[in-house]
Colleague: 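Take this structure, written in structure tokens, and hold onto it; I'll ask about it next.
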Amino acid sequence: MSILVTGGAGFIGGNFVLDWLAASDEKVINLDKLTYAGNLDTLRSLEGNPNHVFVRGDIGDRALVGRLLEEHQPRAIINFAAESHVDRSIHGPGDFIQTNIVGTFNLLESARAYWQALTGEAKSDFRFLHVSTDEVYGTLSKDDAPFSETNPYEPNSPYSASKAASDHLVRAWHHTYGLPVLTTNCSNNYGPYHFPEKLIPLVILNALAGKPLPVYGDGQQIRDWLYVKDHCSAIRRVLAAGRLGETYNVGGWNEKANLDVVHSICRILDELKPKADGTGYASQITFVQDRPGHDRRYAIDARKLEKELGWKPAETFETGIRKTVAWYLEHTDWVENVTSGSYQTWIETQYGQ
Ligand code: NAD
Ligand code: TYD
């Protein structure tokens with residue numbers, strides 16, 4: 001038995017592959033294009049592991065995906081591959097349309113051709129699990145109820161619009177062709193191997209480098225943070241027992257304003273790695289120009305997943321953020337590798353002015 005994971009050299013996909021192979025003998029075929037966000041360093045501990053087959057390639061390459069499906073006969077495809085950064089989608093939406101929409105379409109077509117040719121249990125047990133985001137639901141006001149699976153889609157950024165489109169394609173491939181799909185919509189993740197263009201790793205690394213900690217606008221935007229290992233356990237649970245064609249919201253009931261997140265990181269760093277000059281890291285906080293179209297609040301109602309499938313997150317924000325800061329302090333090699341090259345160009349483009 002095997003599974004095909006796409007985007008398994010990225011942040012969440014990488015954590016998923018590592019967790020899967022730590023707990024199971026089932027082979028993982030890991031298809032990743034290795035864009036700027038894909039890092040084989042994340043998967044270094046799997047070198048020589050015969051249960052990990054890494055293939056560099058695009059989810060939109062039907063010939064390649066068709067070959068992989070024929071050769072390995074996976075019982076599931078778990079689609080993490082995407083362009084995932086809102087700020088990059090504002091600077092250049094084209095790649096988001098190409099991978100998140102056209103790429104998902106091609107992957108669905110490859111999956112459909114493969115699944116339709118299966119027979120018996122192989123056919124009835126096959127699953128296509130699409131990993132998506134809460135950002136498809138748009139933004140909430142302070143007093144709105146958290147997003148549930150029945151909220152209308154109201155995406156506001158090129159990123160969220162492209163993910164919304166991909167979710168609709170996945171849904172349609174189920175209703176029209178019967179493809180056995182599952183979709184998960186998750187809130188903001190954080191944890192090990194998070195590429196430092198996103199808020200939490202960026203703040204940790206800038207703090208340690210003595211650089212400004214850029215807070216967009218007033219810093220009162222709210223995100224609902226989920227430790228990445230909890231997201232991975234939710235995906236495993238949905239894959240094992242989710243109802244076909246259903247969507248499941250995944251969240252940790254951890255709503256925090258951005259400024260509070262930044263202060264939490266500063267406090268932990270003050271304790272674990274105090275600055276030589278005796279000042280606190282919070283003195284580096286700098287308010288910068290807000291993101292255009294910045295969603296004010298995301299919050300997830302994860303009761304469906306909890307009630308139907310018995311999933312619960314293991315970490316609170318307080319335990320998860322402490323583990324995360326400690327991980328970055330202990331993994332300076334990984335950080336050095338991912339922050340060379342094109343990363344510098346991005347930082348200059350986004351924060352240069
Ligand atoms: P990421 O940007 O860290 O990783 C994406 C991976 O996909 C990279 O390894 C990249 O090389 C690969 N990739 C990109 N285009 C590809 C293509 N055309 N073919 C094959 N591989 C390709 O993203 P992430 O944070 O790990 O997110 C994974 C998934 O989870 C995405 O679909 C994202 O929308 C979703 N998601 C992310 C979060 C979050 O907080 N990071 C929250 C909810 C949902
Ligand atoms: P991010 O990690 O980019 O995730 P998303 O946009 O998908 O929620 O950003 C999280 C929040 O932090 C978001 O409200 C934007 C804000 N932010 C900053 O204030 N400063 C930064 O430098 C970054 C990257 C994000």
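Numbers here are sequence positions counted from 1. Any value given below was found using the heavy atoms of this structure, including those in side chains, with hydrogens, waters and symmetry copies removed. Counting starts at 1 for both ligands and their atoms, in listed order.
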Colleague: Is C186 close to ligand 1, meaning an N/O of one under 3.5 Å from an N/O of the other?
Modeller: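 No, C186 has no N/O under 3.5 Å of an N/O on ligand 1.
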Colleague: Taking only heavy atoms of T35, which atoms of ligand 1 are found under 4.0 Å from at least one of them?
Modeller: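 In order of numbering, the contacting atoms are 10 (C), 11 (O), 14 (C), 15 (N).
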Colleague: Could you tell me whether ligand 1 has any atom less than 4.0 Å away from a heavy atom of D32?
Modeller: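 Yes; D32 lies near enough to ligand 1 that a heavy-atom distance drops under 4.0 Å.
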Colleague: Between V215 and ligand 2, is there a nitrogen or oxygen pair with a distance under 3.5 Å?
Modeller: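 V215 vs ligand 2: no N/O contact under 3.5 Å.
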Colleague: So among N249, N156, D295, N151, which one has a side chain to side chain donor-acceptor pair (under 3.5 Å) with Y137?
Modeller: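 Only one option passes, and that is N249.
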Colleague: Provide, to 0.1 Å, the distance between atom 16 (C) of ligand 2 and the closest protein heavy atom, together with that atom's residue and name.
Modeller: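 The closest heavy atom on the protein side is N258 ND2, 3.4 Å.
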Colleague: I'd like to check which ligand 1 atoms, numbered from 1 as shown, lie under 4.0 Å from a non-hydrogen atom of S132.
Modeller: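 Checking each atom against S132, I get 43 (C), 44 (C).
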Colleague: Heavy-atom contacts under 4.0 Å between Y159 and ligand 1: side chain, backbone, both, or neither?
Modeller: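 Near ligand 1, Y159 shows its side chain, while the N, CA, C and O stay back.
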Colleague: Counting non-hydrogen protein atoms only, what is the nearest one to atom 37 (C) of ligand 1? Give residue, atom name and distance.
Modeller: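 The closest one turns out to be I12 CD1, 3.4 Å.
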Colleague: Measuring from non-hydrogen atoms of G14 to any atom of ligand 1, is the shortest distance under 4.0 Å?
Modeller: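 Outside the 4.0 Å threshold, so no.
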Colleague: Which ligand 1 atoms, with their elements, are less than 4.0 angstrom from a heavy-atom of L34?
Modeller: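 Close to L34: 11 (O).
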Colleague: Within a distance under 4.0 Å of any heavy atom of T133, pick out the atoms of ligand 1 and give their elements.
Modeller: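 In order of number, 43 (C), 44 (C).
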Colleague: With respect to N189, determine whether any N or O atom, backbone or side chain, lies less than 3.5 Å from an N or O atom of ligand 1.
Modeller: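 Yes; at least one N/O pair falls below 3.5 Å.
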Colleague: Is ligand 1 less than 4.0 angstrom away from at least one heavy atom of G103?
Modeller: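 Under 4.0 Å: no for G103.
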Colleague: Once you restrict to heavy atoms under 4.0 Å, what part of K163 touches ligand 1? Side chain, backbone, both or neither.
Modeller: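 Looking at K163 and ligand 1, just side chain atoms fall under 4.0 Å.
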Colleague: Just checking H168 against Y153, ring centres under 6.0 Å apart?
Modeller: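 Judged by ring-centre distance (under 6.0 Å), H168 and Y153 do meet the cut-off.
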Colleague: One residue to check: L202. Relative to ligand 2, which of side chain, backbone, both or neither has a non-hydrogen atom less than 4.0 Å away?
Modeller: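 Near ligand 2, L202 shows its side chain, while the N, CA, C and O stay back.
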Colleague: Is A9 close enough to touch ligand 1? Criterion: a residue heavy atom under 4.0 Å from a ligand atom.
Modeller: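 It does; at least one heavy atom falls under 4.0 Å.
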Colleague: With a 4.0 Å cut-off on heavy atoms, is F80 in contact with ligand 1?
Modeller: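 A heavy atom of F80 does come that close to ligand 1.
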Colleague: Among all protein non-hydrogen atoms, which one is nearest to atom 19 (N) of ligand 1, and what is the separation to 0.1 Å?
Modeller: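 Among all protein heavy atoms, the one nearest atom 19 (N) of ligand 1 is I59 N, 3.0 Å.
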Colleague: Nearest protein heavy-atom contact for atom 42 (C) of ligand 1: which residue, which atom, what distance?
Modeller: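 So the nearest neighbour among protein heavy atoms is S187 O, 3.3 Å.
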Colleague: Which residue and atom name correspond to the protein heavy atom nearest atom 4 (O) of ligand 2, and how close is it?
Modeller: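 Heavy-atom neighbour on the protein nearest atom 4 (O) of ligand 2: N188 ND2, 3.3 Å.
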